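A short worksheet on the structure shown next.
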Amino acid sequence: MNTTYSFQIYNSASLLPLEWNSLAVRNVFLTREYLEVLENSCPVNMICHFIGIFAEDKLTGIVLTQFLFAEKLESFGERDQCLKTSVRNFALKNFASHVLFVGNNMLTGQNAFIFDKNVIESKAFKTLHKAINQLKKVLKESGKKVHITSIKDFTAQEIKPLQAEFKNNYTFSIQPNMVFEIKENWKSEQDYIDALSKKYRDQYKRARKKSEGIQKQQMSLSDIRKYEDDIYDLYFHVAKNAPFNTFFLARNHFSFFKEIMKDDFLLYGYFLDEKLIGFNTLIKNGEVMDTYFLGYDESIQREKMLYLNMLYDMIAYSVKKGFKEIVFARTALEIKSSVGAKPVKMYGLITHSNALINHNIARFFNYLEPKTEWQERNPFK
């Protein structure tokens with residue numbers, strides 16, 4: 001029987017078909033609830049669309065896209081003040097300021113789509129391809145021409161069927177996803193500490209000693225609302241000083257997230273002398289714990305080894321609660337490696353609407369993507 005595949009583009013989570021979540025059970029980041037958070041508290045320079053893929057009349061695939069337009073962005077990251085940065089910013093504003101992501105630019109990992117297990121994969125990807133082209137048309141009609149289309153983040157295995165369908169796309173690889181595997185026999189933080197070699201046990205003890213005097217607390221919705229401005233300022237300070245940024249969160253992002261996702265979203269505040277000096281966030285995704293955004297006061301961070309202590313706290317909580325792995329995502333690769341996270345190489349596909357640029361996309365891309373030199377650590381015995 002020749003099954004007919006079709007697609008539907010939705011511009012609001014409230015319009016999604018009722019059976020959407022039956023496909024999203026495997027990934028919290030594609031559930032109607034999370035997409036509602038994304039839609040209602042997403043960065044000012046982002047528009048989300050959701051695509052349903054149908055086999056006959058049955059929903060057989062769900063997809064997230066994010067359209068980012070840089071003109072509302074004041075900064076692409078301010079850490080590297082040099083000619084290369086200003087050239088890169090010029091290039092981004094003029095040739096790459098309208099980017100359509102198939103996937104989630106705010107997370108690391110395959111959060112782009114889920115297909116039903118009985119789907120005919122080649123047909124599903126062909127239909128996805130048509131849907132992306134249609135979405136580009138819709139955006140163009142509203143005066144937003146897409147410069148770059150990027151489908152991200154996949155492991156070497158996951159990217160293969162996409163490469164077969166999107167033949168004229170350039171395959172790129174950027175910073176790895178740092179993933180922390182939790183051993184089955186670990187039941188408490190002590191089990192983790194015992195597994196560390198002496199050098200890294202000493203690092204752990206030193207960090208914990210430095211953090212004396214800091215109070216940590218899990219924050220309720222009313223706490224988050226009360227400290228919303230402080231939380232945002234701490235987040236913004238870290239985001240602004242990142243080497244590269246394509247968006248900044250909305251001010252109400254964390255409180256809205258907590259309101260909708262409830263216990264699946266955790267925000268921990270770190271206080272010194274009753275003043276909020278840092279926070280981190282975690283999202284429960286089945287057996288996986290995803291780390292999300294964090295922020296801290298730079299002047300206290302160094303002296304108190306706050307960032308390292310946050311990593312240890314995330315590990316302690318995830319071990320105690322029986323999670324299988326922690327996704328530490330990109331950035332700060334070396335310090336994450338020093339607590340036991342391992343790099344997983346991630347791939348994506350990219351194409352540019354300008355034929356000349358597309359022909360030279362490899363060079364163009366390598367120029368835009370800041371290189372990171374880092375050394376992998378192994379903290380275990």
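Any value given below was found using the heavy atoms of this structure, including those in side chains, with hydrogens, waters and symmetry copies removed. What you see is a predicted model; the values in this text were computed from it and never measured.
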Please report the C-alpha distance between Gln190 and Asp194 in whole Å, then the side-chain angles of each, then the deciding distance to 0.1 Å, and finally whether the side chain to side chain donor-acceptor pair (under 3.5 Å) criterion is met. CA-CA 6 Å; Gln190 193 54 50; Asp194 293 343; 2.8 Å; yes
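- Other residues, nucleotides and ligands contribute over 12 non-hydrogen atoms within 6.0 Å of the NZ atom of Lys381.
- Qualifying ring pair (Phe, Tyr, Trp, His ring centres under 6.0 Å) partners for His359, counting only residues two or more places apart in sequence or in other chains: none.
- Counting only residues at least two apart or on different chains, the ring-ring contact (aromatic ring centres under 6.0 Å, His included) pairs with a member in residues 28-53 are Phe29-Tyr34, Tyr34-Phe257.
- Environment of CG in Asn185: crowded, with over 12 heavy atoms of neighbouring residues, nucleotides or ligands closer than 6.0 Å.
- Checked against the 6.0 Å centroid criterion, the rings of Phe7 and Phe54 do not qualify as a close aromatic pair.
- Contact annotation: the side chain of Leu306 never approaches that of Lys210 to less than 4.5 Å [non-hydrogen atoms, C-beta and beyond].
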Criterion side chain to side chain donor-acceptor pair (under 3.5 Å) on Glu165 and Ser122, from CA distance to verdict: CA-CA 7 Å; Glu165 172 58 39; Ser122 59; over 6 Å; no
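- Around the CZ atom of Arg302, the shell of radius 6.0 Å holds no more than 12 heavy atoms that belong to other residues, nucleotides or ligands.
- If you look at Tyr292 and Phe279, their ring centroids are not closer than 6.0 Å.
- Defined by atom type and a distance below 3.5 Å, a donor-acceptor pair is missing between the side-chain atoms of Asn177 and Thr108.
- A salt bridge (charged side-chain N to carboxylate O under 4.0 Å, His left out) check over residues 327-347, counting only residues at least two apart or in different chains, returns the pairs Asp153-Arg330, Glu334-Arg377, Lys342-Glu376.
- Checked for salt-bridge contact, Glu19 and Arg32 miss the test: no charged N lies under 4.0 Å from a carboxylate O.
- Ser255 and Asn252 share no donor-acceptor pair across their side chains, judged by distance under 3.5 Å alone.
- Looking at Glu56 and Thr3, their side chains never bring a donor and an acceptor atom within 3.5 Å of each other.
- Pairs of residues two or more places apart, or lying in two chains, that qualify as ring-ring contact (aromatic ring centres under 6.0 Å, His included) and include a residue from residues 200-219 are Tyr204-Tyr312.
- Residues Gln163 and Asn169 bring no donor and acceptor atom of their side chains to less than 3.5 Å of each other.
- Using a 4.5 Å cut-off on side-chain heavy atoms (C-beta onward), Pro379 and Tyr192 make no contact.
- Contacts of Lys136 classified as side chain to side chain contact (heavy atoms under 4.5 Å, CB included), with partners at least two apart in sequence or in another chain: Leu100, Ile132, Asn133, Val146, Thr149.
- Taking 4.5 Å as the limit, every side-chain heavy atom of Tyr170 sits out of range of all side-chain heavy atoms of Asn358.
- Under the 30°/60° scheme for interplanar angles, the aromatic rings of Trp186 and Phe380 are found to be tilted.
- For Lys137, the side chain to side chain contact (heavy atoms under 4.5 Å, CB included) partners are Gln134, Glu141, not counting sequence neighbours.
- With hydrogens and angles left out, the side-chain atoms of Thr331 and Gln175 include no donor and acceptor closer than 3.5 Å.
- In this pair, Phe247 and Phe293 present their aromatic rings perpendicular. The plane angle is above 60°, beyond the 30 to 60° band.
- For Phe115 and Phe113, the ring centers sit closer than 6.0 Å to each other.
- Under the 6.0 Å distance and 45° angle rule, Lys284 does not count as a cation-pi partner of Phe265.
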